[in-house]
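One structure is given here, and the rest of the page talks about it.
Every chain is numbered from 1 and lettered A, B, ... according to where its sequence line falls, protein lines coming before strand lines.
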2 protein chains.
Amino acid sequence: MPDPDLRQELRQIETDPAVDRLVEELIGRVADKWTMLLIEILTENACCRFGELSRACPGISQKMLTQTLRAMERDGLVSRKVYPVVPPKVEYRLTDLGAGLSKAFCGVWIWAEAHYTDIQDARAAYAARQEG
Amino acid sequence: MPDPDLRQELRQIETDPAVDRLVEELIGRVADKWTMLLIEILTENACCRFGELSRACPGISQKMLTQTLRAMERDGLVSRKVYPVVPPKVEYRLTDLGAGLSKAFCGVWIWAEAHYTDIQDARAAYAARQEG
DNA sequence: GTCCATACTCTCTTTTGGGTAAGTATAAAT
DNA sequence: ATTTATACTTACCCAAAAGAGAGTATGGAC
């Protein structure tokens, strides 16, 4: 069970349904695969150019990378510094807000590292149950 | 910046690319809006029937609710207890694994509660920048 | 006999996500 | 003169996700 103090705090704020909806929208926005991965990469590597992010994030297309970075910039999670040179150079880094989110997510990463085998086991057990 | 100790620990485990992929898949799987919301609801309300979850999770369709619950069951995050009565009765609750994930997510919820106004501000600022 | 409750399940349609490929700008290297 | 490098943007397309709504099973209340 989660930390009782934090839960308590959470419950107190969560009285207003309008706030609820905002937070849920936020969760929906931020609980996205690419966003999470980019936050992780930018946490490990404070300052990245577009190409570096692209290489560090295998499987992402240029389109999705641009799109996700733009959304993150709009939400104030990353800053974007453009150097007016040729060829173009753009640097991305987490803002304080983004770094805070990264820290919040840290627990989830740790959990995932620690329990992915449990999930594999659960899946195997579920499959066995279905067949039997 | 995230807790250095935890980061350190994370980096040590994350050497094997196969493990990396598994964890990323897991994050992709679990970092889903409805999953997060259902975990939250089941944390606050230990035992829920289908209809209760449906009501507690505004906007979710029956189809998505069933689908998400099934996926969570398959991954060992929730348990499903069927009472063979008419009309049907099914109880859902978090497993220990699910409760652990809930705890890990707790930080993200707190963050969201604390910073959704910052994000709103960031969006407004971004919009203003675009127009000017 | 009809209706209700519950937890689905199925089908159909719309929406979204995301891939591919091409285009843009321009200075420097060849 | 052509190629290269970089960080996009745009247009087009497909497949997967998700919503809407009807159908199902069945025992008990009326």
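- When the side chains of ILVMFWY residues are joined at heavy-atom separations under 4.5 Å, either directly or via intervening members, A:Val82 and A:Leu77 end up in a single hydrophobic cluster.
- Residues A:Leu42 and A:Tyr92 share a closest heavy-atom pair of CD2-O, 3.6 Å.
- Between B:Tyr83 and D:dG27 there is no side-chain polar atom (N or O) within less than 4.0 angstrom of OP1 or OP2.
- OP1 or OP2 of D:dA7 has at least one side-chain nitrogen or oxygen of A:Arg49 nearer than 4.0 Å.
- Other residues, nucleotides and ligands contribute over 12 non-hydrogen atoms within 6.0 Å of the CG atom of B:Asn45.
- Of the candidate nucleotides C:dA27, C:dC8, D:dA7, D:dA7 has the atom nearest to the side chain of A:Phe50.
- Listed by residue number, the members of residues 55-81 of chain A with any heavy atom below 4.0 angstrom from DNA chain C are A:Gly59, A:Ser61, A:Lys63, A:Met64.
- Counting to the nearest Å, the P atom of D:dG27 and the NZ atom of B:Lys89 are 18 Å from each other.
- When all heavy atoms of A:Ile39 and A:Thr43 are compared, the closest pair comes out as O-OG1, 2.6 Å.
- Two different hydrophobic clusters hold A:Leu94 and B:Tyr126 under the rule that ILVMFWY side chains link at heavy-atom gaps under 4.5 Å.
- Under the 3.5 Å distance criterion, the side-chain polar atoms of A:Ser102 are left unmatched by any main-chain donor or acceptor of A:Gly98.
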